Number of protein chains: 2
Amino acid sequence: MVSDTPKPVGRRERKKAATRQALADAALDLFLEHGYDQVSVRDVAEAADVSTTTLFKHFPSKEALVFDEDTDQQAALVAAVRERPAGRSLPAALLDHLLRTHLPTTADPGFPRYRQLILGTPVLREYGHRMWMRHEAALAEAIADEAGLLQDDPACAALAHFALEAVALTHGRDDPRTTLEAAFALLEHGWPGRTEGAGQGA
Amino acid sequence: MVSDTPKPVGRRERKKAATRQALADAALDLFLEHGYDQVSVRDVAEAADVSTTTLFKHFPSKEALVFDEDTDQQAALVAAVRERPAGRSLPAALLDHLLRTHLPTTADPGFPRYRQLILGTPVLREYGHRMWMRHEAALAEAIADEAGLLQDDPACAALAHFALEAVALTHGRDDPRTTLEAAFALLEHGWPGRTEGAGQGA
DNA sequence: TTTAAAAGTTGAGTCGTTGCACTTTTTTAG
DNA sequence: CTAAAAAAGTGCAACGACTCAACTTTTAAA
């Protein structure tokens with residue numbers, strides 16, 4: 001368990017991982033210190049003692065340096081839908097999951113600064129949002145399956161899209177929890193139609 | 001020199017507008033002909049017989065060359081909310097407006113190609129979406145005012161955000177109308193809670 | 001007319017990103 | 001066990017988008 005490597009973890013791959021980690025660490029340090037736009041990729045590469053080309057062999061873009069920890073959120077998202085408690089609606093289950101995973105993350109002391117770096121840098125906020133929205137198709141599929149609807153049902157696509165977009169709504173708000181709950185109240189019960197006196201159809 | 005008093009619109013501004021139009025026209029022609037990524041800003045500037053620096057004095061970015069016609073959608077959006085027919089709910093009024101303005105691909109014969117250029121070029125799709133979402137705050141304000149709620153009410157912000165995002169849902173779908181209607185049905189009536197004892201199996 | 005401020009234009013440079021060439025490691029053939 | 005190809009890492013130089021400091025032209029003021 002100590003010296004044996006059950007899976008062929010090559011010496012080369014270990015050095016590769018070390019270089020990658022050095023790049024990510026150097027990048028985060030420099031970005032937090034001087035600001036994302038004030039640091040060039042050449043600076044990051046130099047701090048990690050590699051060339052810019054090597055940097056781009058490890059990370060597809062400058063923004064990707066910040067989003068190194070790519071935990072599998074998609075599986076958790078789908079699981080929140082599929083393994084929701086009995087009697088819990090789909091929007092409610094999604095709200096529970098998002099409140100659990102996107103609000104209290106502040107166990108790490110350095111996390112607020114990391115979060116502020118992303119939210120305060122437009123290009124990083126965009127990049128993170130785009131990555132987050134990549135789960136839309138998988139989520140829509142799970143929703144459709146759970147609801148017993150067709151794979152490309154527009155309502156399922158809409159719920160998946162809106163549920164993921166809801167977290168973007170909380171950015172820059174003083175009370176993310178209330179915002180998230182209000183958004184999901186809308187998805188769950190609809191807009192309180194105080195103006196219409198007669199409902200149509202169905 | 002001469003005694004002719006310059007009209008309110010200087011001849012300088014006219015030439016400036018002409019240069020700007022020449023740039024936008026050349027850009028659209030070249031982009032439609034060879035594809036956005038295959039045409040450099042230098043090519044566009046050369047086609048309009050100016051330097052690249054001059055191009056960037058007229059347009060803030062390469063993408064902005066395509067979105068020259070910045071019609072005032074925001075006013076129309078707010079008007080759709082404020083001047084909606086009596087008894088019409090806010091989501092319904094927004095749906096009507098979007099169906100009217102975003103579906104009937106205008107009478108312009110060249111418009112489909114223009115639309116395809118944008119939707120088929122990721123960076124342009126992103127840029128257009130970002131511009132579209134800039135109306136979110138104004139729309140949320142109008143919604144809050146019409147609903148008699150506070151300016152920063154989370155539900156109003158959510159409705160504004162989701163209503164604007166709904167058009168992004170239609171991109172790449174074969175039936176945009178149905179998709180839009182399904183999305184607004186969700187916003188109007190909420191997610192049908194079929195999990196409460198109504199589901200069959202699973 | 002003189003002159004100064006404003007706007008237009010430009011070539012040279014920066015930054016993110018990539019293609020081509022070179023070195024090093026791993027795999028395969030003898 | 002050696003040799004050499006195949007694969008992967010690395011770097012220099014270049015490309016495209018975009019900016020900066022200086023020069024020229026236009027407009028307005030004295």
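Below, chain A is the first sequence line, B the second, and so on; all start at residue 1. Just so it is clear, the structure is predicted and the values come from calculations on it, not from any experiment. Side chains included, hydrogens not; waters and symmetry mates left out as well; all remaining heavy atoms used.
Among C/dT18, D/dT10, C/dT9, the nucleotide with an atom closest to any side-chain atom of A/Thr19 is D/dT10. The side chain of A/Thr54 approaches D/dG11 more closely than any other nucleotide in the set C/dT17, C/dT9, D/dG11.
Between the B/Lys62 side chain and the B/Tyr36 main chain, a donor and an acceptor come within less than 3.5 Å of each other.
Distance CZ (A/Phe56) to C1' (C/dC20): 17 Å, rounded to an integer number of Å. For the pair A/Leu55 CG and D/dC12 P, the computed distance is 14 Å after rounding to whole Å. Remark: P of D/dC18 and CG of B/Asp43 are 14 Å apart, rounded to the nearest angstrom. Between the CD atom of B/Gln38 and the C1' atom of D/dC15 there is a distance of 14 Å, given to the nearest Å. In this structure, the CG atom of B/Asp37 is 18 Å from the P atom of D/dC15, given to the nearest Å. Going from atom NZ of B/Lys57 over to atom C1' of C/dT10 covers 11 Å, rounded to whole Å. Between the NE2 atom of B/His58 and the C1' atom of C/dT10 there is a distance of 13 Å, rounded to whole Å. D/dG16 atom P lies 15 Å from atom NE2 of B/His34, rounded to whole Å.
Taking the side chain as every heavy atom from C-beta outward, B/Arg20 and B/Phe59 approach each other to under 4.5 Å.
Nearer to the 5' terminus of DNA chain C, by closest-nucleotide assignment, is the contact made by B/Thr53 (compared with the other of B/Thr53 and A/Ser61).
At a cut-off of 3.5 angstrom, the base of D/dG16 holds no donor-acceptor pair with the side chain of B/Arg42.
Using a cutoff of 4.0 Å between basic side-chain nitrogens and carboxylate oxygens, B/Arg173 and A/Asp152 are not scored as salt-bridged.
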